[in-house]
Amino acid sequence: MNRQSLLMNMFQAMLDTLGPSRWWPGETPFEVAIGAILTQNASWTNVEQAIANLKSAGLFAPKAMYDLPEARLAELIRPSGYFRLKAGRLKNLLGFLKAECGFDITALAGRDLPAMREKFLAVRGIGPETADSILLYALDYPTFVVDAYTRRLLTRHGLLPEEATYDEMREFFMDVLDPDPRLFNEYHALIVRTGKSWCKKATGRCEPCPLARFVP
DNA sequence: CTCCGGAGTG
DNA sequence: CACTCGGGAG
């Protein structure tokens, strides 16, 4: 079985078991981008609380957040963890948006993917996963998001070695899958949901896992 | 490899 | 109590 068939079969197996994910539904691209920073090594429930704080303070808007003192911003996003660090990273992202598109992130959609990816990666605090998350989930670019669960999936199934880099894992999918943002969106979401339920960090519960039959 | 950190889980 | 989370920088 070739790699494309294998990856599509795994996708279908997860979809059959879990159903569609509807990640980041009904949210604005701006909210997705902010969430992508806040969720770095943090659980999503904490991120929701941080965003709720910003909204209830009437400050959840690009310029308002950009003008906010960093210490005040940090207090509002405290529930997301690493709050001082992430306040600075949010400021970096907002400064980038101001310079690049006058705070209108939707203006960044539909451009050259590799060039736009490099621009986001040049922002301090935006690494490959955060960049790809914003490009895919906020701006609808066909880029594949690799995270800790994706790494576990690929290495535990013997598809790539432990030493594989982020970009190697990303290309493992992108080299053979249709560059469809809807597919990449759902695929990553399903990997995360499968990882949370079965592919735990210490030891996976492979028995009931929808991917159990895809053994090396 | 270490630091950054609150919140939920068991 | 220990462990983990929709990572990234120095």
Side-chain angles (χ1 to χ4, degrees), chain A residues 11 14-15 18-54 70-96 117-141 143-156 162-170 173 181 183-205:
Chain A
F11 174 80
M14 292 189 287
L15 187 60
L18 296 170
S21 305
R22 298 195 183 87
W23 262 20
W24 279 318
E27 299 179 2
T28 64
F30 174 69
E31 183 166 344
V32 174
I34 297 303
I37 298 270
L38 294 179
T39 198
Q40 289 172 353
N41 208 40
S43 65
W44 192 249
T45 54
N46 291 22
V47 175
E48 290 179 317
Q49 187 52 239
I51 291 178
N53 286 350
L54 290 166
E70 195 167 312
R72 172 100 170 92
L73 180 60
E75 282 310 309
L76 289 167
I77 65 168
R78 180 184 274 268
S80 73
Y82 304 126
F83 53 93
R84 298 181 193 86
L85 187 62
K86 287 176 180 177
R89 292 179 179 181
L90 288 178
K91 285 281 194 173
N92 294 343
L93 170 64
L94 292 161
F96 168 76
R117 189 168 189 265
E118 286 309 309
K119 288 198 174 197
F120 275 101
L121 286 174
V123 179
R124 317 275 264 128
I126 296 184
E129 182 180 342
T130 305
D132 285 326
S133 294
I134 294 172
L135 290 167
L136 175 64
Y137 286 98
L139 299 174
D140 213 37
Y141 282 91
T143 188
F144 203 93
V145 178
V146 174
D147 69 340
Y149 293 115
T150 313
R151 172 170 291 277
R152 259 178 244 166
L153 166 65
L154 293 177
T155 58
R156 288 181 176 177
E162 296 278 356
E163 321 80 63
T165 65
Y166 180 97
D167 286 334
E168 286 168 348
M169 295 196 166
R170 174 174 178 261
F173 292 90
L183 173 64
F184 291 177
N185 179 323
E186 186 61 54
Y187 210 133
H188 175 247
L190 286 169
I191 289 175
V192 172
R193 292 167 64 211
T194 300
K196 280 168 122 65
S197 298
W198 294 286
C199 209
K200 308 281 188 185
K201 187 170 187 178
T203 53
R205 297 167 42 231

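Because the structure is predicted, anything quoted here is derived from the model rather than measured. Letters A, B, ... mirror the listed sequences (proteins, then strands); counts begin at 1.
- For the pair A:Ile37 CD1 and C:dG8 P, the interatomic distance rounds to 9 Å; values are reported in whole Å.
- An OP1 or OP2 oxygen of C:dC5 is reached within less than 4.0 angstrom by a side-chain nitrogen or oxygen of A:Arg152.
- Applying a 4.0 Å cut-off to non-hydrogen atoms, none of the residues of residues 190-201 of chain A approaches DNA chain B.
- Spacing between atom CD of A:Glu186 and atom P of C:dG6 amounts to 16 Å, rounded to whole angstrom units.
- At whole-Å resolution of the value, CG in A:Leu153 and P in C:dG6 are 16 Å apart.
- Across C:dG6 and B:dC1, the matching C1' atoms stand 24 Å from one another, rounded to whole Å.
- A 4.5 Å side-chain heavy-atom check between A:Thr194 and A:Tyr149 finds every atom pair outside the cut-off.
- Rounded to a whole Å, the CG atom of A:Asn46 is 19 Å from the P atom of C:dC3.
- Residues from residues 73-90 of chain A lying near DNA chain C, meaning a heavy-atom separation below 4.0 Å, are A:Leu85, A:Arg89 in numerical order.
- Here C:dA9 presents its C1' atom at 13 Å from CG of A:Asn41, a figure rounded to the nearest Å.
- Distance check: A:Ile134 CD1 to A:Glu129 CD gives 11.0 Å after rounding to the nearest 0.5 Å.
- Taking atom CG of residue A:Leu38 and atom P of nucleotide C:dG8, one finds them 13 Å apart after rounding to whole Å.
- Residue-to-nucleotide proximity on DNA chain C shows that, of A:Ile126 and A:Thr39, the 5′-proximal contact is made by A:Thr39.
- Aromatic ring centroids of A:Tyr141 and A:Phe184 lie 6.0 Å or more apart.
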Start with the C-alpha gap between A:Leu38 and A:Leu90, add the side-chain angles, then the distance that decides, and say whether side-chain contact (heavy atoms from CB on, under 4.5 Å) holds.
CA-CA 8 Å; A:Leu38 294 179; A:Leu90 288 178; 3.9 Å; yes
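- Under a 3.5 Å cut-off, the side chain of A:Arg151 and the backbone N or O of A:Glu162 do form a donor-acceptor pair.
- Both tests pass for A:Arg78 against the ring of A:Phe83: distance under 6.0 Å to the centre and angle within 45° of the axis.
- At the phosphate of C:dG8, OP1 or OP2 sits under 4.0 Å from a side-chain N or O atom of A:Thr130.
- Closest approach of A:Leu93 to A:Val123, counting heavy atoms only: N-CG1, 3.9 Å.
- Side-chain contact check for A:Leu73 versus A:Leu54: some heavy-atom pair is nearer than 4.5 Å.
- Between A:Tyr166 and C:dG7 there is no side-chain polar atom (N or O) within less than 4.0 angstrom of OP1 or OP2.
- A nucleotide of DNA chain B counts as in contact with chain A when one of its atoms lies under 4.0 Å from a heavy atom; the first and last such, 5' to 3', are B:dC4 to B:dA7.
- Not a single donor-acceptor pair under 3.5 Å links the side chain of A:Arg117 to the backbone N or O of A:Leu135.
- Among all heavy-atom pairs drawn from A:Ser197 and A:Arg205, the shortest one is O-NH1, 2.5 Å.
- Between A:Tyr137 and A:Glu27, every side-chain heavy-atom pair lies at or beyond the 4.5 Å cut-off.
- When the P atom is compared between C:dC3 and B:dT2, the two are found 15 Å apart, to the nearest whole Å.
- Residue A:Leu121 contributes atom CG, which lies 13 Å from atom C1' of C:dG7 at whole-angstrom precision.
- Note: A:Trp44 and A:Trp24 have perpendicular aromatic rings, judged against thresholds of 30 and 60 degrees for the angle between ring planes.
- B:dG5 sits 14 Å from C:dG10 when the P atoms are compared, rounded to a whole Å.
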